[in-house]
Amino acid sequence: MTEQKNIRNIAIIAHVDHGKTTLVDEMLKQGGIYRENQATVERVMDSGDLERERGITILAKNTAVHYKGTKINIVDTPGHADFGGEVERTLEMVNGVLLLVDAAEGPMPQTRFVLQKALELGHKVIVVINKVDRLDARIEAVIDEVLELLLDLNATQEQFDSPTLFCSARYGIASYGPTEVGADLAPLFETIVNYIPAPQGDAEAPLQVRISSIDYNEYVGRIGIGRIERGTVRQNQEVAICDYHDPAHTEKGKIVTLYVFDGLGKTAVSEASAGEIVAFSGMADITIGRTICAPGFPAPLPFAKISDPTIEMTFSVNDSPFAGKEGKYVTSRNLRDRLEKELLKDVSLHVTEQGTDAFNVAGRGEMHLSILIETMRREGYEFQVSTPRVLMKDIDGKRCEPCERMVADVPETAMGSVIEKMGKRRGDLLSMTPVGSRYRLEFLVPSRGLFGYRNEFLTDTRGEGIMSSVLDSYKPLKGEIDRRNSGSLIAFESGESSAYGLFNAQERGVLFIGAGTPVYAGMVIGVCARNEDMTVNVCKKKQLTNMRASGSDEALRLNAPRTMSLEQCLEYLADDELLEVTPSSLRIRKRQLDHAVRMRQTMKSRQ
């Protein structure tokens with residue numbers, strides 16, 4: 001085995017909003033990627049519209065910088081547990097990780113999840129304490145928390161003795177000590193070059209490239225991304241495509257174009273050797289997990305087992321009275337093709353067909369599926385989705401459900417209400433730690449107990465609370481959990497909502513719509529103040545007569561309607577409701593639109 005001494009492959013892992021993408025920005029700037037007069041943008045690696053809007057990384061991305069003759073390939077990974085499938089497969093491409101931890105918040109659930117995967121692969125770890133310039137930074141305590149985390153995850157002695165750096169990604173500085181003030185990121189670059197091992201591989205051996213990611217380009221089609229484990233890959237080279245889980249599967253292929261990563265883009269090259277991370281096109285059906293081998297030397301590599309999905313939703317063709325009016329792609333064939341296309345690049349997504357017009361889509365969490373729904377919606381798809389359901393497992397003859405480790409950082413005044421709500425949702429309090437004037441609460445709670453809780457949590461903490469969760473384990477099924485303590489206001493007839501009808505309806509609860517909104521019978525138009533569904537006629541108009549009475553012609557004052565985001569709509573959904581998703585609208589509706597049929601079903605269920 002030989003080393004590629006001038007290459008280092010690293011991944012940056014951290015929790016949401018701990019400064020991961022900002023640090024990559026500064027590494028690119030100080031790595032000489034930009035011209036001196038070149039205009040730059042913040043969070044340049046978050047290139048998708050949804051990523052920039054939400055301020056989170058959704059897709060893992062590759063980039064590279066140069067430092068004193070050494071090329072550092074960097075993989076920017078998502079920080080949210082729902083996109084853990086992106087992280088698990090990209091860790092196969094690297095030899096070490098930067099563990100980025102906020103100097104005030106410390107290690108969070110997602111930090112634990114990704115770090116565990118990296119330690120299992122035997123990767124070396126560099127601990128980076130970020131945001132040391134925060135006024136509420138507690139550097140010494142956070143270092144102790146990181147060491148405790150490494151102990152909990154059974155790190156080796158070498159991994160436990162990992163080097164620790166202190167930096168401020170916003171200002172692009174790093175230092176070796178908590179009290180030192182750095183001038184640039186040179187200490188970070190030096191530590192990467194000196195501590196992370198160079199990739200190993202025999203450049204003269206038969207070719208082996210494991211596909212860890214897929215990109216797409218309209219001009220060249222699908223682009224496979226992976227690290228060369230051994231051998232040398234050349235442009236226009238004939239190759240064999242192998243599958244570890246299906247040894248009999250071998251296809252012929254050809255490397256038409258070959259790229260290496262450099263800065264924010266890809267550079268076309270004629271060949272690349274073992275240890276380099278490459279991208280190539282020319283194979284229309286290349287998928288994640290396959291291995292590119294030399295013809296006549298099939299040697300597929302095992303691929304990291306991706307954790308199973310925990311929740312599922314039913315995507316189906318829109319069959320409401322407004323179907324087909326706003327969407328570009330509305331048929332079951334359109335929906336099937338789009339979901340199959342998503343499966344090719346998202347290995348943690350599972351899709352099973354239910355009849356001709358419905359598909360069960362399983363993913364890592366509500367955000368995982370809501371990002372897919374929002375992406376499809378922006379592409380012009382129109383469909384409807386059901387309420388999320390958890391996926392159970394039978395373990396040793398017992399029915400088990402997924403449980404999540406939920407960490408809540410809350411003001412002291414809100415602590416009681418959060419603990420009370422978690423108790424109602426079958427959550428067990430694991431620890432309660434004071435952090436300044438706030439408390440960090442850690443719970444083990446069933447995944448279904450967190451459905452619809454985020455908005456309630458923000459209300460209870462007056463918007464000051466921070467909560468995050470990650471899958472912990474499967475536990476025996478706990479008791480019933482009440483998801484919602486309010487009913488829905490349902491439109492009685494189809495038409496256009498009027499101010500007069502809404503004025504009378506708003507006394508019954510909070511409305512989702514304003515005057516002049518098209519509605520149909522069975523559509524949910526608000527939250528009922530009572531714990532039952534109520535049918536209201538919002539299309540009712542005032543009868544005009546020539547009689548006048550004192551006070552009868554006063555202006556009608558309508559309350560502002562509540563505008564619901566996609567996530568809020570999914571959290572609100574009851575089991576007998578669906579969410580109608582179109583490029584321009586989100587409408588909640590009853591599964592059964594006919595009022596009389598719904599009443600008969602309700603009476604039967606009470607008997």
Side-chain angles (χ1 to χ4, degrees), residues 4 6-12 24 27-28 31-35 38 44-48 57 59-67 69-77 86 89-95 198-199 201 203 206-242 251-295 301 303 344-345 347:
Q4 289 272 26
N6 60 342
I7 292 179
R8 299 292 184 275
N9 298 322
I10 62 163
I12 302 183
V24 175
M27 292 177 76
L28 288 169
I33 297 304
Y34 300 115
R35 301 188 312 271
Q38 185 172 345
V44 68
M45 292 296 286
D46 286 347
S47 53
T57 303
L59 300 173
K61 302 177 192 69
N62 297 69
T63 186
V65 298
H66 297 268
Y67 179 76
T70 301
K71 181 182 181 183
I72 303 173
N73 285 311
I74 303 170
V75 182
D76 182 19
T77 62
E86 291 281 324
R89 57 185 171 80
T90 52
L91 287 177
E92 296 275 4
M93 291 194 287
V94 300
N95 302 102
L207 179 66
Q208 261 187 335
V209 185
R210 177 167 38 207
I211 307 303
S212 300
S213 188
I214 291 290
D215 198 359
Y216 182 80
N217 184 301
E218 290 187 2
Y219 299 103
V220 297
R222 292 169 65 75
I223 298 173
I225 301 172
R227 187 178 73 180
I228 305 173
E229 300 295 329
R230 71 181 191 198
T232 301
V233 61
R234 296 176 178 85
Q235 189 177 5
N236 295 321
Q237 178 181 348
E238 299 285 342
V239 294
I241 307 169
C242 306
E251 295 178 36
K252 288 184 178 181
K254 184 179 181 181
I255 306 290
V256 176
T257 53
L258 181 66
Y259 309 93
V260 295
F261 292 92
D262 194 6
L264 299 176
K266 304 183 189 79
T267 303
V269 293
S270 57
E271 67 174 52
S273 298
E276 182 66 271
I277 295 176
V278 295
F280 53 87
S281 66
M283 285 158 274
D285 56 350
I286 190 72
T287 57
I288 292 168
R290 297 273 171 87
T291 306
I292 302 298
C293 301
L301 292 164
F303 192 65
L344 294 174
K345 62 180 181 179
V347 289

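As the structure is a prediction and not an experimental result, all values here were calculated from the model.
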J.: Enter the distance from I241:CD1 to K252:NZ here, rounded to the nearest 0.5 Å.
T.: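 I241 atom CD1 to K252 atom NZ measures 12.0 Å (nearest 0.5 Å).
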
J.: For a quick test of reading the model, state the closest non-hydrogen atom pair linking I12 to M27 and the distance between them.
T.: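 The pair with the smallest heavy-atom distance is CD1-SD, 4.2 Å.
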
J.: Which atoms form the tightest heavy-atom contact between N6 and G69, and what is the distance?
T.: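 Looks like CB-O, 3.7 Å.
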
J.: Hey, does the side chain of K71 reach the backbone of F261 with a donor-acceptor pair shorter than 3.5 angstrom?
T.: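 Checking the backbone N and O of F261 against the side chain of K71, a donor-acceptor pair under 3.5 Å is found.
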
J.: Would you check if the side chain of Q235 reaches a backbone N or O of V256 as a donor-acceptor pair within less than 3.5 Å?
T.: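 Checked: pair present.
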
J.: For L258 versus E271, what's the shortest heavy-atom pair and its separation?
T.: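 L258 and E271 have their closest heavy atoms at CD2-CA, 3.7 Å.
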
J.: Please name all residues satisfying side chain to side chain donor-acceptor pair (under 3.5 Å) with R290, sequence neighbours left out, ordered by chain then number.
T.: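 Applying side chain to side chain donor-acceptor pair (under 3.5 Å) to R290 gives D243, H249.
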
J.: Taking all non-hydrogen atoms of both residues into account, name the closest pair between V278 and A272 and its distance.
T.: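 Shortest heavy-atom separation between V278 and A272 comes out as CG1-CB, 3.7 Å.
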
J.: Partners of E238 by salt bridge (Lys or Arg N to Asp or Glu O under 4.0 Å), sequence neighbours excluded?
T.: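 Partners of E238 by the salt bridge (Lys or Arg N to Asp or Glu O under 4.0 Å) criterion come out as none, since no residue qualifies.
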
J.: Please report the closest heavy-atom contact between A240 and A294, naming both atoms and the distance.
T.: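 Closest pair (atom of A240, atom of A294, distance): CB-O, 4.4 Å.
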
J.: Quick one: side chain to side chain donor-acceptor pair (under 3.5 Å) partners of N9, sequence neighbours excluded?
T.: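 For N9, the residues satisfying side chain to side chain donor-acceptor pair (under 3.5 Å) (neighbours in sequence not counted) are N73.
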
J.: Just do the side chain to side chain contact (heavy atoms under 4.5 Å, CB included) check on L301 and R230 with the steps written out, would you?
T.: CA-CA 11 Å; L301 292 164; R230 71 181 191 198; over 6 Å; no

J.: Which heavy atom of V209 sits nearest to which heavy atom of G226, and what is that distance?
T.: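 Closest approach of V209 to G226, heavy atoms only: CG1-C, 4.1 Å.
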
